[in-house]
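First comes the structure, then the notes that go with it.
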Amino acid sequence: GQPPIGVHIHGLFMEGASWEEGKGDDEGYIADSKMKELHPEMPVANVYSVHIDKMSWMNMYHCPVFITAERGPTFVMQVNLRMDPDDEDERHWVLAGAALLMTDD
């Protein structure tokens with residue numbers, strides 16, 4: 001069904017990382033990539049906007065979204081992905097080249 005706020009989206013793929021599903025009420029978070037998984041598919045996500053003054057930046061990775069793995073000219077937007085609470089900052093994911101792709105090419 002329709003979420004109370006925002007919309008559900010699907011069809012995104014991760015590059016340079018993977019997604020760890022949450023347990024129970026816990027939300028999922030970005031994790032190190034797994035062997036032989038070049039572009040793992042992301043689960044269905046609830047996407048909604050939040051005013052910048054109300055946004056919590058704790059444990060968030062500012063993840064770029066691209067149409068293809070070519071990146072640069074195919075940039076679409078930036079989304080916030082939750083990081084593991086043990087992650088200090090997002091530099092690890094920047095250096096890993098973690099990004100979301102709209103096509104699995």
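Since the model is a prediction, treat every value here as computed from it, not as a measurement.
In the hydrophobic cluster analysis, where Ile, Leu, Val, Met, Phe, Trp and Tyr join through side-chain heavy atoms closer than 4.5 angstrom, M58 is grouped apart from M83. No path of Ile, Leu, Val, Met, Phe, Trp and Tyr side chains, each step under 4.5 Å between heavy atoms, connects V44 with V7, placing them in separate hydrophobic clusters. L100 and F75 fall into different hydrophobic clusters, defined by Ile, Leu, Val, Met, Phe, Trp and Tyr side-chain heavy atoms under 4.5 Å apart, directly or through other members. I9 and Y48 are members of different hydrophobic clusters when ILVMFWY side chains are connected at heavy-atom separations under 4.5 Å. When hydrophobic clusters are built by joining Ile, Leu, Val, Met, Phe, Trp and Tyr residues whose side-chain heavy atoms come closer than 4.5 Å, directly or via intermediates, V76 is grouped together with M14.
Judged purely by atom type and a 3.5 angstrom limit, S18 uses its side chain to pair as donor or acceptor with the backbone of D32. For the pair N59 (side chain) and R82 (backbone), a donor-acceptor distance under 3.5 Å is absent. A donor-acceptor pair under 3.5 Å links the side-chain atoms of N46 to the main chain of I5, judged by distance alone.
In this structure, CG on L101 lies 9.0 Å from CG on L38, to the nearest 0.5 angstrom. Distance check, rounded to the nearest 0.5 Å: OG1 of T68 to CD of E15 gives 9.5 Å. Atom CD1 of residue I30 and atom CD of residue E90 lie 9.5 Å apart, to the nearest 0.5 angstrom.
E70 CD: 12 or fewer foreign heavy atoms inside a 6.0 Å radius.
Of all the heavy atoms in C63 and A98, the pair that sits closest is SG-O, 4.2 Å. When all heavy atoms of G72 and F66 are compared, the closest pair comes out as N-CE2, 3.9 Å.
Using a 30° and 60° split on the angle between ring planes, Y61 and W93 fall in the tilted class, from 30° to 60°.
The shortest distance between side-chain heavy atoms of L81 and M60 does not fall below 4.5 Å. Using a 4.5 Å heavy-atom threshold, the side chains of K34 and P40 count as separate.
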